[in-house]
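Structure, as structure tokens:
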Amino acid sequence: MVEPGATPWSAPAPVAVRQSSLRERNLAAIVAAVCRAEVPPSRADLAAELSMTRATAGRLVDELVAARVVDEVDRSQGARGRPAKGLLPGTGIVGLGLAVETDRLLVRAVDLRGRVVGERVVSSSAGDAESVLDALAHQAREVRRGLQGRRLVGVGVALPGIVDDDGRLLRAPNLRWNDVDVAGILASVGGRHRVLVANEADMAALVEAEPRPGRLGPWTDFVHVSAAVGVGGAIVSGGRVVAGEHGAAGELGHVCVDPSGPACGCGSTGCLEQYVGLRAVAEVSGLPRDRVATGLAAGAAAGDPRCVAAVEQVTHALSVALASVVNVVGISAVVLGGHLAALDPATIEAIRARLDARVIGSRWKPVQVTVARGDHAAAATGAAHRALADVVARPATWV
């Protein structure tokens with residue numbers, strides 16, 4: 001009911017909304033600035049950088065410190081006066097990243113500084129989805145118990161397959177899983193937090209694009225290859241992983257290298273995975289799977305004919321598949337992960353040279369090929385980063 005003389009849209013309400021929105025934007029701007037800073041900024045630094053009054057910046061920082069989203073640290077004494085307090089991303093805020101691979105389960109707890117504060121890695125044999133995910137949940141609960149008072153803000157799960165927006169795994173050929181409600185099965189791990197489910201290659205690429213939450217790495221546009229038994233891929237543009245309409249963008253492992261090639265678990269033939277996946281490389285090189293990453297380059301350098309043949313197979317197949325992707329998406333940087341990151345510099349250069357020969361734009365911008373950072377649990381780390389992303393983007397929710 002509207003009081004006499006008043007209007008139905010009383011003036012104070014829009015002002016309150018604007019003030020609330022401004023506060024939210026300012027909190028997000030402060031957290032983003034702290035996360036990307038190379039040197040811990042002070043309140044005065046933030047006020048100057050973000051064009052805020054010192055009083056406003058100080059008040060908002062106090063809220064973020066109280067919520068443990070940022071931490072205060074001592075900075076070195078200047079020429080005069082007391083040293084200013086510097087600000088770093090909070091160590092009391094943690095995201096939990098889970099990953100399922102064909103032969104192991106991984107759980108990582110990561111704080112806002114990108115530090116691993118808890119981890120479990122266990123072997124796993126192929127099995128039905130529910131039993132494997134139950135085992136994963138058990139490992140996740142063990143990690144949660146060791147967080148020692150840190151504040152869990154979300155759970156991310158990385159899987160080697162196609163995932164929809166509702167957290168359902170649609171298909172994972174190498175796991176032989178189809179239509180699995182992963183988010184539902186793992187709901188108890190998240191508690192009151194939503195369980196975010198994503199493709200493992202996308203999460204591994206996220207770590208390359210964002211080495212720690214809120215801080216972009218040197219590569220903001222690249223094609224990422226995630227190689228294990230299966231081969232995944234991701235396209236990163238402007239520092240963001242391109243998911244595609246159905247979350248299946250970047251399925252590089254199933255780009256056809258040779259239509260008459262061997263059958264693939266996806267139902268097609270001659271997919272890249274059948275030439276550069278761990279199983280394929282081990283078979284050609286004669287190396288055990290657990291020695292491919294460390295032994296392939298050394299064997300080829302020593303003249304082992306099987307290792308030489310395996311390196312040639314990998315080089316040819318990657319150049320064919322990647323050239324198709326680079327020509328289509330117009331991104332001329334490639335990051336190789338998994339066992340492909342252990343290729344020797346000469347092989348990396350051979351792949352780059354073949355890509356230059358196949359990529360139409362290489363005359364103007366040569367293709368760059370580099371290797372991933374070497375994180376043995378990159379997908380789990382990326383899943384934890386994704387769980388932390390909401391704190392960086394919308395810290396007002398957590399204050």
Side-chain angles (χ1 to χ4, degrees), residues 35 89-124 132-148 150-161 163 167 169 172 175 182-183 185-215 217 224 226 228 232 234 236 240-241 243 247 337-338 372-393 398:
C35 286
T91 58
I93 297 290
V94 174
L96 203 60
L98 286 58
V100 177
E101 298 181 356
T102 55
D103 59 353
R104 61 180 187 161
L105 305 176
L106 305 98
V107 179
R108 267 194 169 175
V110 179
D111 67 18
L112 278 173
R113 295 186 198 173
R115 305 184 310 176
V116 177
V117 296
E119 180 177 71
R120 301 273 290 196
V121 180
V122 298
S123 298
S124 173
V132 172
L133 293 174
D134 282 347
L136 182 64
H138 170 73
Q139 299 302 324
R141 285 189 285 269
E142 290 296 310
V143 171
R144 284 195 64 170
R145 275 194 279 271
L147 293 181
Q148 298 178 341
R150 291 183 172 91
R151 184 181 181 190
L152 180 67
V153 295
V155 177
V157 185
L159 297 165
V163 179
L169 176 71
L175 296 177
V182 176
I185 295 173
L186 294 176
S188 64
V189 175
R192 60 190 179 88
H193 304 296
R194 181 186 175 195
V195 176
L196 305 170
V197 186
N199 173 267
E200 62 86 19
D202 287 352
M203 295 299 94
L206 178 59
V207 177
E208 295 300 316
E210 188 180 88
R212 85 179 198 193
R215 176 182 288 183
H224 184 266
S226 177
V236 176
R240 295 180 176 273
V241 177
R373 299 172 184 277
D375 184 346
H376 78 278
T381 303
H385 283 202
R386 189 184 181 202
L388 290 165
D390 190 64
V391 178
V392 177
W398 304 93

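Throughout, numbering of the chain's residues begins at 1 and tracks the sequence. Treat the numbers as computed from the prediction; the structure is a model and nothing was measured.
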Working to the nearest 0.5 Å, report the span between [atom1] of [X] and [atom2] of [Y].
X      : Y      : atom1 : atom2 : value
Leu106 : Leu136 : CG    : CG    : 8.5 Å
Arg108 : His376 : CZ    : NE2   : 5.0 Å
Leu159 : Asn199 : CG    : CG    : 8.5 Å
Asp103 : Ser123 : CG    : OG    : 7.0 Å
Leu112 : Arg150 : CG    : CZ    : 11.5 Å
Arg212 : Thr381 : CZ    : OG1   : 15.0 Å

Are any non-hydrogen side-chain atoms of [X] and [Y] less than 4.5 angstrom apart?
X      : Y      : value
Arg151 : Val94  : no
Arg215 : Cys35  : no
Arg115 : Val110 : no
Pro160 : Thr102 : no

Contacts under 3.5 angstrom, residues 186-197 side chains, donor-acceptor by atom type, not counting sequence neighbours:
residue : atom : partner : partner atom : Å
Ser188  : OG   : Arg141  : NH1          : 3.3
His193  : NE2  : Leu152  : O            : 2.9
Arg194  : NH2  : Asp165  : O            : 3.1

For a quick test of reading the model, state the closest non-hydrogen atom pair linking [X] to [Y] and the distance between them.
X      : Y      : answer
Ser226 : Ala204 : OG-CB, 4.3 Å
Pro213 : Leu388 : CG-CD1, 3.7 Å
Asp390 : Trp398 : OD2-NE1, 3.1 Å
Ala205 : Val236 : CB-CG2, 4.0 Å
Ala99  : Ala379 : CB-CB, 4.3 Å
Gly217 : Pro211 : N-CD, 3.4 Å

Q) Can you list the residues that meet the salt bridge (Lys or Arg N to Asp or Glu O under 4.0 Å) rule with Glu200, with sequence neighbours excluded? A) none
(Q) For the backbone of Asp202 and the side chain of His224, can you confirm whether one donor and one acceptor N or O come within less than 3.5 Å of each other? (A) no
Q: Please confirm whether the backbone N or O of Leu206 pairs with a side-chain atom of Arg240, one donor and one acceptor, at under 3.5 Å?
A: no
(Q) Just to verify, which of Leu105, Val100, Leu169 counts as forming a side-chain contact (heavy atoms from CB on, under 4.5 Å) with Leu133? (A)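 Output: one option passes, namely Val100.
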Q: Test side-chain contact (heavy atoms from CB on, under 4.5 Å) on Ile185 and Asp134 and set out the steps.
A: CA-CA 8 Å; Ile185 295 173; Asp134 282 347; 4.1 Å; yes
Q: Identify whether the distance between the nearest side-chain nitrogen and carboxylate oxygen of Arg373 and Glu208 falls below 4.0 Å.
A: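 Salt bridge between Arg373 and Glu208, a charged N being under 4.0 Å from a carboxylate O: yes.
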Q.
Could you walk me through whether Val122 and Arg104 satisfy the side-chain contact (heavy atoms from CB on, under 4.5 Å) test, starting with their C-alpha distance in whole Å, then the side-chain angles of each, then the deciding distance to 0.1 Å, before giving a yes or no?
A. CA-CA 6 Å; Val122 298; Arg104 61 180 187 161; over 6 Å; no
Q | Chi angles and distances behind the side-chain contact (heavy atoms from CB on, under 4.5 Å) call for Val107, Glu119 | A | CA-CA 5 Å; Val107 179; Glu119 180 177 71; over 6 Å; no
